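Each remark here refers to the structure printed beneath this line.
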Amino acid sequence: MLLSQRECSAMALAIFSARSRAEVTNILDRHDLSDDDLLTGFPDLVNVVQELPDESLPDA
């Protein structure tokens with residue numbers, strides 16, 4: 001896993017803005033990262049992801 005500071009920032013912002021774990025999975029896929037990469041490289045983001053629902057809620 002080798003990301004530039006810009007890529008790390010963009011990914012972190014996208015994860016903080018995600019509404020579900022499914023969205024986080026798509027974000028990780030776009031950056032060619034696995035769940036293990038997230039655990040080892042971004043432990044503070046793991047807590048954010050754990051609080052998300054599995055799927056997005058429908059828009060009101």
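On a predicted model such as this, the values are computed, not experimentally measured, just so you know.
Counting all heavy atoms, side chain and backbone alike, E7 lies closest to H31 at O-CE1, 4.1 Å. Taking every heavy atom of both residues into account, A18 and I27 meet most closely at CB-CD1, 4.2 Å. What you find for D54 and S20 is that their closest heavy atoms are O-CB, 3.8 Å. When every heavy atom of D32 is checked against every heavy atom of D37, the shortest pair comes out as O-OD2, 4.3 Å. Minimum interatomic distance between L3 and C8 (heavy atoms only, all atoms of both residues): CB-SG, 3.6 Å.
Once rounded to the nearest 0.5 Å, the distance linking CZ of R19 with CD of E55 reads 12.0 Å. Atom CZ of F42 sits about 14.5 Å away from atom CG of N47, to the nearest 0.5 Å.
Every side-chain contact (heavy atoms from CB on, under 4.5 Å) that S17 has, sequence neighbours left out, goes to L13.
Between E23 and I15 there is no side-chain heavy-atom pair separated by less than 4.5 Å. L38 places none of its side-chain heavy atoms less than 4.5 Å from the side chain of L33. Using a 4.5 Å heavy-atom threshold, the side chains of D35 and V49 count as separate.
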